[in-house]
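Everything numeric here is computed off the predicted structure, so don't read it as measured data. Below, chain A is the first sequence line, B the second, and so on; all start at residue 1.
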2 protein chains.
Amino acid sequence: MVRKPTSKETARKPNMREAILAAAEELFATNGFNAVSVRDIAQAAGANPGSVTYHFKTKDGLLLEIYRRHCGPMNLRRFELLAAAKRVRDLQDRLEAIVRAYVVPAFTSGSDLAGGGARFTRLRAVMSAEGNEVARKIIAQTFDDTSHAFVDAIHESLPHIPRTDIVWRSHFLLGALYYSLVTPDRVSRLSRGEADGGDAASAIEQLVQATVAAFQAPPLDHVAPARRRPVVGSKI
Amino acid sequence: MVRKPTSKETARKPNMREAILAAAEELFATNGFNAVSVRDIAQAAGANPGSVTYHFKTKDGLLLEIYRRHCGPMNLRRFELLAAAKRVRDLQDRLEAIVRAYVVPAFTSGSDLAGGGARFTRLRAVMSAEGNEVARKIIAQTFDDTSHAFVDAIHESLPHIPRTDIVWRSHFLLGALYYSLVTPDRVSRLSRGEADGGDAASAIEQLVQATVAAFQAPPLDHVAPARRRPVVGSKI
DNA sequence: ATGTGATTTGTACTATCGTACAAGAAATCA
DNA sequence: TGATTTCTTGTACGATAGTACAAATCACAT
């Protein structure tokens, strides 16, 4: 008898499933994938190890589901903000708006998941550093479109800069963004307590201002790629 | 009978010990600490798992030795280059020289270890992302002095920028530097093959130019830290 | 050459890993 | 309520982890 198909997506008691996802997200984001065991996750979620297997089949499946959960909303939000940014008339303001459209959703959640934005971005940073295979596949599929869209948008507001330079600089942006989420305490330490590296608002402002300036830097001359400028006492 | 004490540091056959160190460095830097087993390392080095235990006692000990091997030379080189950079008259050129003094030793080896600079820096990036305890201790001890010295030097050539901003921006520099070494292929992909993310010389030039511009960005006004500027359609 | 200490090998032990699976508990709908 | 589906629990299995240790091997000073 076919009733309401009780779609698999709308499980009846999502509590435990959600708890496992949240716990896994937190643990993976802070310790890496391999350092965290399924038992660690289950314990942190107040669940039984078997439950993890039941809901996600494998540990990779659990990671996959975390990505599925966040990628869509975050990129959607980025595209919304990018579209709005593109409508900004003033070129300088537009560039800043574009950068902000890229940065803000990474710190704050694009979905209704509480505070999940920064946590998920940190997770991506860690998976990227570990060269995680599952993550790599999803990233290439899901985020390259977004990245290209932003590179193109930035290039439009900085037509005199070669696209190659834009790519490098946006790569640096992502690296800085990642690192800010991975070791915020380093900022606090180096500033001798004057700055709070964990404060998302400060991080966003600092990152946006620094990055806008970096994008506006004069283009590199690609004529003589080797040894453009004498390096002080270096042997490179 | 006490002969020449055959100092423990000058072992008779350092080949295997070195091979293990090199293999571990490479594997840790690309896969993370926990994803790599002692057996993996031994196999890559053409050694027996027991040899690893013999030379380094534990897996943590092996990681520790890798750090010991590189930290000194790299920081020494950085300080040499920094001292030279500080003697540059022109302020703009000096700033660039300082940034270069920070970046170059991270890509190229400060010691005689072939190509070890980039590999070790990548290792640090990965350990940092994984929150590795052994690494965290050494980093705080060894690199904070260096970082402070560079922050101070940069601050001297940019006196009108608050130190806090300098700290943030140098933090971004390190993040960008790390990320360039972790996923160089992303640069190649996003530039559609026009740039080679793995080319150290390009990476250095791009990073230096972008970072110098970022440091020179106008300071953030710290008066109204919250919501300095309306965010396009955002809820942060 | 030979003995001695340094190194390498082989193997084993215990702990923990990811995952499977059967049995129990809970929830849903006729 | 009772039947059926959905979820949770407990336990177990094979694989692999880090490390220990005794035996075998090597390099070199005498």
When the distance from [atom1] of [X] to [atom2] of [N] is rounded to whole Å, what number comes out?
X     : N      : atom1 : atom2 : result
A/F28 : C/dG18 : CZ    : P     : 8 Å
A/R39 : D/dC13 : CZ    : C1'   : 11 Å
B/K57 : C/dT7  : NZ    : C1'   : 14 Å
B/D40 : D/dA17 : CG    : P     : 6 Å
B/E18 : C/dT8  : CD    : P     : 12 Å
B/D60 : D/dA17 : CG    : P     : 16 Å
A/L62 : C/dC17 : CG    : P     : 15 Å
A/I41 : C/dG18 : CD1   : P     : 8 Å

May I ask you to say whether [X] pairs ionically with [Y], meaning some side-chain N is under 4.0 Å from a carboxylate O?
X      : Y      : answer
B/E130 : B/R136 : no
B/D152 : B/R163 : yes
B/E65  : B/R17  : yes

On DNA chain D, check which nucleotide each of A/I20 and B/K59 is closest to and give me the residue with the more 5' one. A/I20

Looking only at side-chain N and O atoms, does B/R169 offer a donor or acceptor that is under 3.5 Å from a partner on B/T211? no

Mind running a 4.0 Å heavy-atom check of residues 43-51 of chain A against DNA chain D and sending the residues that fall below it, in number order?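 Nucleic-acid contacts, sorted: A/N48, A/G50, A/S51.
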
When you check the phosphate oxygens OP1 and OP2 of [N], does a side-chain N or O of [X] lie under 4.0 Å from one of them?
X     : N      : result
A/Y54 : D/dC7  : yes
A/H55 : D/dT8  : yes
B/S37 : D/dT16 : no

Consider the side chain of A/T58, meaning its heavy atoms from C-beta on, and name the nucleotide among C/dA12, C/dT19, C/dT8 that approaches it most closely. C/dT19

Winner on side-chain proximity to A/M16, out of C/dA20, D/dT8, C/dC17, is D/dT8

Could you go through the side chain to side chain contact (heavy atoms under 4.5 Å, CB included) check for A/K59 and A/F28 one step at a time? CA-CA 11 Å; A/K59 197 182 171 190; A/F28 285 158; 4.1 Å; yes

Restricting to salt bridge (charged side-chain N to carboxylate O under 4.0 Å, His left out), what partner residues turn up for B/D60, sequence neighbours left out?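 None.
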
Distance flag, aromatic centroids of A/F120 and A/Y67, threshold under 6.0 Å: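 When the ring centroids of A/Y67 and A/F120 are compared, they turn out to be within the sub-6.0 Å range.
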
